[in-house]
Amino acid sequence: MGHGGDVIQELTADHREVEDIFGQIEALPTGDHRRKELADQATIELVRHSVAEEMHLYPAVRRYLTNGDAVADKEIEDHGEAERTMKQLESCQADDPEFDRLMAQLMSEIRDHVTDEENNLFPRLRESTTPDDLAQLGAKVRAAKETAPTRPHPAAPTTPPANRLLAPGAGMVDRVRDTLTGRGTDD
């Protein structure tokens with residue numbers, strides 16, 4: 001499944017990409033430096049994905065789903081837990097004893113979140129909205145990922161309008177840092 005299409009297709013493609021990265025990490029031996037490079041790549045993808053969901057998906061969930069506020073709040077809480085784990089992981093190298101524990105914790109958090117979204121949230125959203133609404137949300141999510149931060153910012157706002165105002169600036173700073181340090185490159 002590639003990127004594009006409606007919001008559910010777009011976000012599901014992100015889920016598959018991250019799961020692929022997790023599989024690559026799991027296939028490498030403990031302490032292998034490539035595990036850290038892959039963890040950084042997963043973090044970049046997860047943060048961009050989360051910010052885009054918080055900017056566009058969860059406001060739609062609040063608007064379209066019965067009990068949408070509670071659903072969105074739970075999803076944002078899940079993001080916060082994962083973001084705190086990613087923040088801790090950011091300072092660990094692959095040979096750090098904490099790396100494996102934190103990586104396992106992150107994988108568990110993300111896999112649980114993905115299962116919940118794909119089995120519960122996405123079907124409910126598809127039933128509650130029109131194909132046109134889902135397509136428009138997909139375009140908005142793709143655009144948001146282009147300017148979203150690439151590093152975890154657990155204290156950043158997670159709801160509009162503050163997240164929409166601050167995320168692009170944090171994203172620009174993160175991408176400059178990534179370029180300067182080579183983080184997230186395949187070299």
Side-chain angles (χ1 to χ4, degrees), residues 1-4 9-58 74-118 141-158 163 166-187:
M1 174 182 288
H3 287 278
Q9 293 165 326
E10 180 68 22
L11 296 175
T12 301
D14 288 351
H15 293 166
R16 297 291 100 59
E17 283 182 6
V18 170
E19 184 55 41
D20 179 62
I21 295 169
F22 286 169
Q24 292 177 57
I25 292 169
E26 291 171 324
L28 292 170
T30 298
D32 188 310
H33 72 90
R34 293 173 292 177
R35 293 183 78 187
K36 173 62 173 173
E37 293 166 6
L38 288 164
D40 286 345
Q41 188 61 45
T43 297
I44 289 167
E45 297 305 321
L46 287 167
V47 169
R48 291 172 61 234
H49 174 94
S50 295
V51 167
E53 284 185 333
E54 290 166 5
M55 289 173 75
H56 299 291
L57 178 67
Y58 299 144
K74 164 72 170 77
E75 299 296 326
I76 290 169
E77 183 180 317
D78 289 350
H79 283 191
E81 290 172 14
E83 200 154 353
R84 286 185 289 278
T85 302
M86 286 185 280
K87 190 65 177 172
Q88 290 177 294
L89 193 58
E90 193 175 43
S91 62
C92 289
Q93 294 304 313
D95 58 356
D96 184 325
E98 279 293 286
F99 181 88
D100 287 337
R101 183 188 70 76
L102 290 168
M103 198 69 237
Q105 180 178 327
L106 179 64
M107 287 180 192
S108 176
E109 290 167 349
I110 296 304
R111 286 172 173 154
D112 288 348
H113 182 73
V114 165
T115 297
D116 182 51
E117 277 192 345
E118 292 183 7
V141 162
R142 280 187 292 284
K145 289 191 301 185
E146 292 297 317
T147 61
T150 61
R151 295 174 183 260
H153 298 278
T158 57
N163 65 348
L166 298 177
M172 183 180 68
V173 170
D174 287 353
R175 284 187 298 285
V176 168
R177 285 179 63 199
D178 293 344
T179 299
L180 294 173
T181 63
R183 179 178 176 265
T185 62
D186 292 335
D187 310 342

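In this chain, residues are counted from 1 in sequence order.
Nearest heavy atom pair, residue Ala39 against residue Ile25, reads N-CD1, 3.8 Å. Between Arg48 and Lys145 the shortest heavy-atom distance is NE-O, 2.9 Å. Of all the heavy atoms in Phe99 and Ala94, the pair that sits closest is CG-CA, 3.8 Å.
A salt bridge does not link Glu109 to Arg84: none of the charged nitrogens lies less than 4.0 Å from a carboxylate oxygen. Ion pair Lys74/Asp78 flagged as a salt bridge, since at least one NZ, NE, NH1 or NH2 atom sits closer than 4.0 Å to an Asp/Glu carboxylate oxygen. A salt bridge links Glu26 with Arg111: the closest approach of a Lys/Arg side-chain nitrogen to an acidic carboxylate oxygen falls below 4.0 angstrom.
The CD1 atom of Ile110 sits 9.5 Å away from atom CD of Glu117, with the distance rounded to the nearest 0.5 Å. Rounded to the nearest 0.5 angstrom, Leu28 CG and Lys36 NZ are separated by 14.5 Å. With values rounded to the nearest 0.5 angstrom, Arg142 atom CZ is found 9.5 Å from Leu11 atom CG. Here the straight-line distance linking atom CG of Leu102 with atom OG of Ser91 works out to 8.0 Å at 0.5 Å rounding. For the atom pair CD of Glu10 and NE2 of His56, the computed distance is 12.0 Å after rounding to the nearest 0.5 Å. Rounded to the nearest 0.5 Å, atoms CD1 (Ile21) and CE (Met107) are 10.0 Å apart.
At a threshold of 4.5 Å between non-hydrogen side-chain atoms, the residues Val114 and Val18 do not count as touching. The closest side-chain heavy-atom distance from Arg16 to Asp20 is not below 4.5 Å. Looking only at side-chain heavy atoms (C-beta outward), His49 and His15 come within less than 4.5 Å of each other. You'll find the side chain of Leu46 reaches within 4.5 Å of the side chain of Met86, heavy atoms only. Here the side chains of Gln88 and Glu98 are not in contact, with every heavy-atom distance at 4.5 Å or above. Contact check for Gln93 versus His33: no side-chain heavy atoms found under the 4.5 Å cut-off. When side chains are defined from C-beta on, Asp116 counts as touching Glu75, because their heavy atoms get closer than 4.5 Å. Residues Arg35 and Thr30 form a side-chain contact, since some pair of their non-hydrogen atoms from C-beta on lies under 4.5 Å apart.
With no hydrogens or angles considered, no side-chain donor-acceptor pair links Gln41 and Glu37 at under 3.5 Å.
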